[in-house]
Structure formats: C-alpha cells, structure tokens
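Here's the structure, in structure tokens; my notes come after.
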Amino acid sequence: MEKIFEEFAKKIKTKEELIFYLEEIIQIQQIVFKNKGVPLSKKMGGKMSGELKNFLERLEKKEVISKTPGQQSSFLEKLKKYLQSLPEIKLEIAFLPSDEFLTRINQWLEEEFGQKVILDLIINPQIVGGAVIEHRGNWRNFSLVKEIDKLISQKSL
Amino acid sequence: MNTIFLIIASLFIVMVLIVLIFLIFTTRSKKREEFLIQEFIKDTLFLKISETFQKELEKLIKEETKKIILENKEKIQKATDEIIESYKKELEGISQEVDKKNSQFFELSLKAQNEILTNAQNKIANLNEETKKEILKFKEVNSETQKLLLGEAKNQVSKLTQNLTQEVSQVYQVAKEALREQITKTEQEIESYKKERFKEIDQGIYQMIGKVSKKTIGKAIDLSTHEKLVMEALKKAKKEIF
C-alpha cells in the first residue's frame with residue numbers, strides 16, 4: 001500500500017498541493033458512505049481533481065480499492081495519514097520557480113532523503129537571491145541579501 | 001499676803017500725797033492772782049465814763065492821732081527828702097569821680113591801644129620778614145626735594161616698566177601657550193568630529209548602496225542564476241542541517 005501511496009505522492013511537490021489533495025480526500029471521506037455500490041472515483045463527480053481521480057480509477061481497476069464504503073473510507077484514511085506524515089522543508093526563495101525546477105528540487109531531495117519530501121515554498125523577493133531553508137526546527141539563511149548586508153557592514157566599519 | 005498689802009498701802013499713800021500737793025499748788029496760785037489784782041486795784045483810780053464823753057474822747061483821740069500822723073508824715077517826708085538830697089549829692093560826687101576816672105581810663109586805654117598797635121605792627125612787620133625768609137628757605141628746600149622726588153619717581157617708574165614688561169611678556173607667553181593648547185584641542189575635536197561625520201556619511205552611503213544593490217541585483221539576476229543559487233543553498237543546507 002505504501003508503494004501505491006508513494007506513487008501518488010510523487011505528483012505532489014509543494015505543501016500547497018498537498019493541502020489541496022488532503023482537502024479533496026476529506027471531502028470524499030464525507031460522502032463515501034453515500035451512494036453505496038458507486039465507485040469511489042465517481043462519487044465526487046466532476047468536483048474531484050484529475051490527478052486524484054485518475055489515481056483512484058487505476059486502483060479501482062486493479063481492485064486495490066473495493067466497492068464497500070467501509071474499505072473505501074479506510075483506504076482514504078490511510079492515504080491521508082501517509083500524506084500527512086511526509087517530511088517537509090521550508091524553502092524561501094526570491095523568484096517564482098518553474099514546474100521543471102520544482103521537479104528537479106524534489107528529485108534531488110528524494111535522492112538525499114531517500115523518500116518523498118514536500119516543499120513548503122515561500123516567495124520573497126526581498127531576499128534578492130539564494131534561499132532561506134528550514135528543516136525540523138533548523139534554520140539557515142543562504143540568501144543574497146545576507147551577503148550584501150555583510151559586505152555593507154564590513155565596508156562601513 | 002502681807003507684802004501685797006504693804007505695796008497697796010504704799011501706793012495709796014503716794015496718791016494721797018500727790019493730790020495734796022496739787023491742791024496746795026492750785027490754792028497758792030489763786031491766792032497769788034488775787035493778791036496781784038488787789039495790788040493793781042490799789043494803785044489805780046477807776047472812774048465811770050459817760051457815752052458822750054466817750055464819744056468826745058474818741059473824737060479827740062482821732063483828731064490828735066491825725067495830727068500826730070500828719071506831723072510824723074511831714075517829718076518822715078522831710079527826713080527822706082534830706083536823705084535823698086544827701087544821697088544825690090553823694091551820687092553826683094561819685095559820678096563826677098567816675099567820669100573823671102573814665103576819661104583818665106579812656107586816655108590810658110587809647111595810649112595803650114596805640115602802643116599795642118605800634119607793637120603789633122612792628123611784630124607783624126618782623127613776622128612778615130621772617131615768614132618771607134622762611135618761605136624762601138622752604139622754596140629752596142622744596143625745589144631740592146622736588147628734584148629728589150622726580151629722580152626717585154623716574155627710577156621707580158623705570159623699574160616698574162621693566163617689571164611690567166616682564167610680567168606682561170610672561171602673561172603673554174602663558175596666554176599664548178594656553179591658546180595654542182586650546183587650538184590643538186579644538187583641531188583634534190574638529191578632526192574627530194570630521195571622522196565621525198564621514199563615518200556616518202559613509203555608513204549612510206553604504207546603506208544606500210545596500211538598498212539600491214538589493215533592488216538592482218534582484219532584478220538583474222536571471223532565472224538560471226536564481227536556480228543555481230537555490231541549488232547551492234540546498235547543498236549547503238544538506239551539509240549543515242539535513
């Protein structure tokens with residue numbers, strides 16, 4: 001099951017996306033016991049995102065998700081807990097990154113951590129360049145603004 | 001008891017004796033008086049006078065007394081006139097004497113006055129001559145002392161001026177030194193103030209440069225550079241915190 005969840009988690013890069021999917025899962029959980037016998041992917045109708053819908057459809061075809069509401073609910077709960085347990089890194093940068101760059105960062109982080117890591121992305125042009133990074137309470141400022149301030153203070157002394 | 005009785009008896013006897021003596025004395029004085037009256041009566045004749053006679057007598061006495069009084073008045077007046085005359089004569093004589101003495105005294109006093117005047121004039125003349133001499137002497141002495149004083153004053157003045165110039169030069173030196181020190185101190189203060197101000201200005205300039213560079217560098221950096229910087233930051237973070 002974890003590998004299935006990992007496969008879904010690969011699509012999620014940022015915390016914003018994670019929150020979006022979690023909210024969708026919560027919404028599905030609310031209607032899971034309605035329309036018994038209807039597949040989970042169809043219970044939301046057009047209100048579900050494409051990614052989640054495709055994921056659920058695939059699993060339904062493989063019969064990983066059963067049609068009973070109880071098991072559906074249990075599946076959704078496990079998925080939710082898995083997604084919530086994913087590690088996070090807060091990354092503050094000065095520009096709006098492209099999808100490709102985000103993918104590259106995610107891949108790099110997966111290689112380093114050996115697992116999926118979610119990026120809590122903050123766009124702050126005032127740091128000029130570089131990044132401010134926080135992970136599990138550890139915080140480091142590798143921004144350009146820090147270097148500029150350092151240089152200016154050295155010159156002014 | 002016997003002694004008391006004796007005392008009382010003796011006192012009684014004494015009192016009786018005193019009374020007897022008093023009675024004797026009073027009777028004797030009465031007898032004396034009566035004797036004198038009788039003696040007087042013996043030597044004088046007593047006549048009975050009538051009222052008309054009494055009146056006539058009184059009138060007569062009055063007239064006689066008036067006469068006597070007038071006579072006495074005349075006598076007294078006469079006596080007093082004589083006394084006054086005699087005193088007048090005496091006074092005239094005395095005043096003549098006095099006039100005489102006055103004229104003598106006046107002559108004498110005139111004479112004395114003239115003598116005194118002449119003496120005084122002589123003495124004044126002598127005094128004038130002497131004072132003239134004294135003045136001359138004094139003038140000589142004065143001129144000599146003046147010369148001496150002038151000489152001394154010149155010496156003192158020259159000494160004073162020398163001392164004064166020395167002191168003034170000392171004061172000048174001290175003031176100059178103090179001024180020099182003040183100038184140096186002020187220059188140092190100005191220098192340090194300049195440094196401080198330049199430092200402040202430099203700091204302001206650098207801060208301005210910092211602000212401007214943050215704005216411009218942020219806009220000047222391209223996307224690939226940004227991505228490169230982020231990856232470098234992640235790699236540094238991996239070493240330090242991951």
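Just so it is clear, the values below take in all heavy atoms, side chains as well, and ignore hydrogens, waters and symmetry mates. So you know, we letter chains A, B, ... as the sequences are listed, proteins then strands, and number each from 1.
- Of the listed residues (B:Lys199, B:Lys214, B:Gln203), the greatest number of heavy-atom pairs within a distance under 4.5 Å of chain A belongs to B:Lys214.
- Using a 4.5 Å cut-off between heavy atoms, B:Lys235 contacts chain A through both its backbone and its side chain.
- Atom NZ of A:Lys80 has more than 12 heavy atoms from other residues, nucleotides or ligands within 6.0 Å.
- Considering only heavy-atom pairs separated by less than 4.5 Å from chain B, the leading option among A:Ser98, A:Gly130, A:Ala131, A:Pro125 is A:Gly130.
- Atom CD of A:Gln126 sits in a sparse spot, with 12 or fewer heavy atoms from other residues, nucleotides or ligands closer than 6.0 Å.
- For A:Leu144, the part sitting under 4.5 Å from any heavy atom of chain B is the side chain, from C-beta outward, and nothing else.
- Heavy atoms only, all atoms of each residue included: B:Ser143 and B:Glu140 are closest at OG-O, 2.6 Å.
- In terms of non-hydrogen atom pairs under 4.5 Å with chain A, the most contact-rich of B:Ile217, B:Leu234, B:Leu229 is B:Leu234.
- The aromatic ring centroids of A:Phe8 and A:Tyr82 lie 6.0 Å or more from each other.
- Aromatic pair A:Phe75/A:Phe5: ring centres closer than 6.0 Å.
- Between chain B and the residues A:Asn141, A:Ile105, A:Leu91, A:Ile148, the most heavy-atom pairs under 4.5 angstrom are made by A:Ile148.
- Residues A:Glu6 and A:Lys10 are not paired through a salt bridge, judged by the lack of any N-O separation under 4.0 Å between the basic side chain and the carboxylate.
- Remark: A:Gln154 CD is packed, more than 12 non-hydrogen atoms of other residues, nucleotides or ligands lying under 6.0 Å away.
- Only the side chain of A:Ile93 has a heavy atom closer than 4.5 Å to any heavy atom of chain B.
- Residue B:Glu232 does not touch chain A at all, counting heavy-atom pairs closer than 4.5 Å.
- Within the 4.5 angstrom heavy-atom criterion, no atom of A:Arg136 approaches chain B.
- Ranked by heavy-atom pairs under 4.5 Å with chain A, the list B:Ala233, B:Ala237, B:Gly218 is led by B:Ala233.
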